[in-house]
Structures are given as C-alpha cells and as structure tokens.
Amino acid sequence: MFGANLRGLQHIGLPVTDIVRSKAFYERLGFVEAMYRELPRRDGIVKVVMMQLDKLTLELYQLCGAELEEVRQRRSGHIDHVALDVADVDAAFRIVLEEGWSPLESEPVFLPFWENGVRYFNILGPDGERVEFNQRIV
C-alpha cells in the first residue's frame with residue numbers, strides 16, 4: 001500500500017491554552033524550539049511552536065476564538081493528532097482515496113512551516129483520532 005512512501009513519525013500535535021507556558025514546560029524536559037510561526041485568522045492568531053528532542057518533534061499550538069475555548073474545556077485527550085512523515089504527500093493522498101478513506105481536506109494543504117513549508121492532509125482513524133500525512137518540503 002504505502003511502501004517506502006511512509007517514513008515514520010513526523011510529529012505529535014498538542015493543542016495548548018498558553019503557548020508560552022507550554023513551551024517553557026517542554027524546555028524543562030529538554031526540548032528546544034525548532035520553529036515558531038503565527039498564522040493570522042479572522043478570529044485571532046494561531047501560534048505554533050515545534051519543539052524538538054533528538055528525533056521526537058512536538059507541535060504545540062494555541063488556537064484562537066471558540067476553538068481555544070473548546071481546548072480549555074477538555075479534561076483529557078489533549079493529543080490532537082499523530083503526523084506520519086511521507087516522501088510524497090500527493091501519492092499518499094491518492095492511496096488514501098484508492099483505499100476508500102475520506103480525507104478531511106479536499107487536497108493537501110500548504111503551511112509556511114520550517115524553511116520551505118510543509119504539505120499535509122488528515123484522515124480519521126477508527127475511534128475518531130486524526131492521522132496526518134505530512135511532507136516537509138526540502
């Protein structure tokens with residue numbers, strides 16, 4: 001099915017209510033900031049920081065508006081998604097469609113992360129968990 005296109009874990013996404021506090025917490029565990037971005041939206045600014053410890057990357061992100069309030073109300077289950085690293089996101093998207101899965105996005109989405117950006121899309125797992133397919137553009 002995916003063969004060599006699936007290369008392993010890309011990152012773990014964690015929605016947070018205070019990006020500064022969360023970043024400081026993970027720094028105390030030995031993580032270092034690898035990337036920071038602010039993404040403007042109509043209802044505010046989404047703040048994203050990639051924290052790295054060896055080969056493990058955590059994506060900490062603070063949403064805005066109603067989505068931030070929803071995160072604040074959660075009592076458990078704060079890990080939002082598991083991102084798998086793929087060599088070719090377009091090929092992964094085609095495979096997902098061929099397998100009869102329904103991507104949450106109509107096509108891979110570009111984000112201005114890292115040096116050259118990333119492209120990604122998500123599907124839902126059997127219990128509603130989000131599985132992201134992510135290609136870092138080099």
Side-chain angles (χ1 to χ4, degrees):
M1 182 186 332
F2 282 93
N5 192 24
L6 186 57
R7 302 186 298 193
L9 182 66
Q10 215 318 308
H11 65 267
I12 298 172
L14 183 60
V16 300
T17 58
D18 183 330
I19 198 115
V20 173
R21 182 182 67 201
S22 294
K23 179 179 176 277
F25 173 81
Y26 284 99
E27 285 174 336
R28 290 182 66 196
L29 294 175
F31 284 81
V32 295
E33 179 181 322
M35 185 212 78
Y36 178 82
R37 296 287 186 277
E38 291 187 354
L39 307 171
R41 293 193 336 191
R42 284 186 296 230
D43 58 344
I45 296 175
V46 174
K47 299 173 184 176
V48 181
V49 63
M50 296 289 193
M51 301 296 291
Q52 217 154 8
L53 178 64
D54 294 325
K55 294 182 181 186
L56 175 60
T57 303
L58 295 179
E59 175 190 12
L60 306 178
Y61 60 96
Q62 180 180 321
L63 297 167
C64 51
E67 291 173 312
L68 178 58
E69 288 308 311
E70 187 275 327
V71 171
R72 284 190 174 122
Q73 299 303 314
R74 292 182 188 178
R75 296 293 166 239
S76 62
H78 282 259
I79 292 178
D80 180 70
H81 65 278
V82 174
L84 303 175
D85 189 33
V86 295
D88 183 340
V89 74
D90 294 309
F93 194 81
R94 286 190 300 274
I95 292 168
V96 162
L97 293 174
E98 289 166 7
E99 290 295 316
W101 292 319
S102 299
L104 300 181
E105 294 79 18
S106 59
E107 62 185 18
V109 176
F110 174 82
L111 284 175
F113 287 1
W114 305 109
E115 300 83 22
N116 300 310
V118 299
R119 292 181 64 226
Y120 76 95
F121 69 93
N122 294 278
I123 63 173
L124 292 180
D127 290 307
E129 70 276 14
R130 286 192 324 153
V131 179
E132 177 181 312
F133 296 85
N134 188 300
Q135 179 184 0
R136 190 167 164 179
I137 301 169
V138 290

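It should be emphasised that the depicted structure is a prediction, and the values quoted were computed from it without experimental measurement.
Across every non-hydrogen atom of T17 and V71, the tightest pair is CG2-CG1, 3.9 Å. For the pair I19 and Y61, the tightest heavy-atom approach, listed with the atom from each and the gap, is CD1-CA, 4.0 Å.
Residue pairs meeting the ring pair (Phe, Tyr, Trp, His ring centres under 6.0 Å) criterion with at least one partner in residues 16-37, sequence neighbours excluded, are Y26-F31. Screening residues 6-22 for salt bridge (Lys or Arg N to Asp or Glu O under 4.0 Å), with sequence neighbours left out, gives R7-D85. Listed by first and then second residue, the salt bridge (Lys or Arg N to Asp or Glu O under 4.0 Å) pairs involving residues 29-40 are K23-E33 (not counting sequence neighbours). For residues 79-100, the pairs satisfying ring pair (Phe, Tyr, Trp, His ring centres under 6.0 Å) are H11-H81, F93-F121, with sequence neighbours left out.
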Evaluation steps, side chain to side chain contact (heavy atoms under 4.5 Å, CB included), between R130 and L124: CA-CA 5 Å; R130 286 192 324 153; L124 292 180; 3.7 Å; yes
Applying side chain to side chain contact (heavy atoms under 4.5 Å, CB included) to L60 and L14, what does each step give before you reach the verdict? CA-CA 5 Å; L60 306 178; L14 183 60; 3.8 Å; yes
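Cluster membership for M35 and L29, using ILVMFWY side-chain heavy atoms within less than 4.5 angstrom, is not shared. Placement of V89 and F2 within a single hydrophobic cluster is found when ILVMFWY residues are connected by side-chain heavy-atom separations under 4.5 Å, directly or transitively. V16 and V32 are assigned to two separate hydrophobic clusters, defined by single-linkage of ILVMFWY side chains at heavy-atom distances under 4.5 Å. The hydrophobic clustering, which links ILVMFWY residues whose side-chain heavy atoms are closer than 4.5 Å, places V82 and I95 together. In terms of hydrophobic clustering, with Ile, Leu, Val, Met, Phe, Trp and Tyr side chains grouped at heavy-atom distances under 4.5 Å, L6 and I137 are assigned to different clusters.
Proximity of Q10 to E132: side-chain heavy atoms (C-beta onward) are nowhere separated by under 4.5 Å. Taking the side chain as every heavy atom from C-beta outward, I12 and L58 approach each other to under 4.5 Å.
Qualifying salt bridge (charged side-chain N to carboxylate O under 4.0 Å, His left out) partners for D90, counting only residues two or more places apart in sequence or in other chains: R119. In this structure, the salt bridge (charged side-chain N to carboxylate O under 4.0 Å, His left out) partners of E115, at least two apart in sequence or on a different chain, are R136.
Between L84 atom CG and N134 atom CG the span is 9.0 Å, to the nearest 0.5 Å. From S22, atom OG reaches atom CD of E27 across 11.0 Å, with rounding to the nearest 0.5 Å.
No side-chain donor-acceptor contact under 3.5 Å links N5 to the backbone of V86.
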Taking only distance into account, with no hydrogens and no angle test, what donor-acceptor pairs under 3.5 Å do side-chain atoms of residues 43-56 form with protein atoms, sequence neighbours excluded?
unit_1: D43; atom_1: OD1; unit_2: R41; atom_2: NE; d: 3.1
unit_1: D43; atom_1: OD1; unit_2: R41; atom_2: NH2; d: 3.3
unit_1: D43; atom_1: OD2; unit_2: R41; atom_2: NH2; d: 3.1
unit_1: Q52; atom_1: NE2; unit_2: T57; atom_2: OG1; d: 3.3

Throw together a table of side-chain donor-acceptor distances under 3.5 angstrom for residues 101-114, partners on residues two or more places apart or in other chains.
unit_1: E105; atom_1: OE1; unit_2: N122; atom_2: N; d: 2.6
unit_1: E105; atom_1: OE2; unit_2: N122; atom_2: ND2; d: 3.0

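Of the residues listed (R72, Q73, R74), the one engaging E70 in a side chain to side chain donor-acceptor pair (under 3.5 Å) is R74, and it is the only one.
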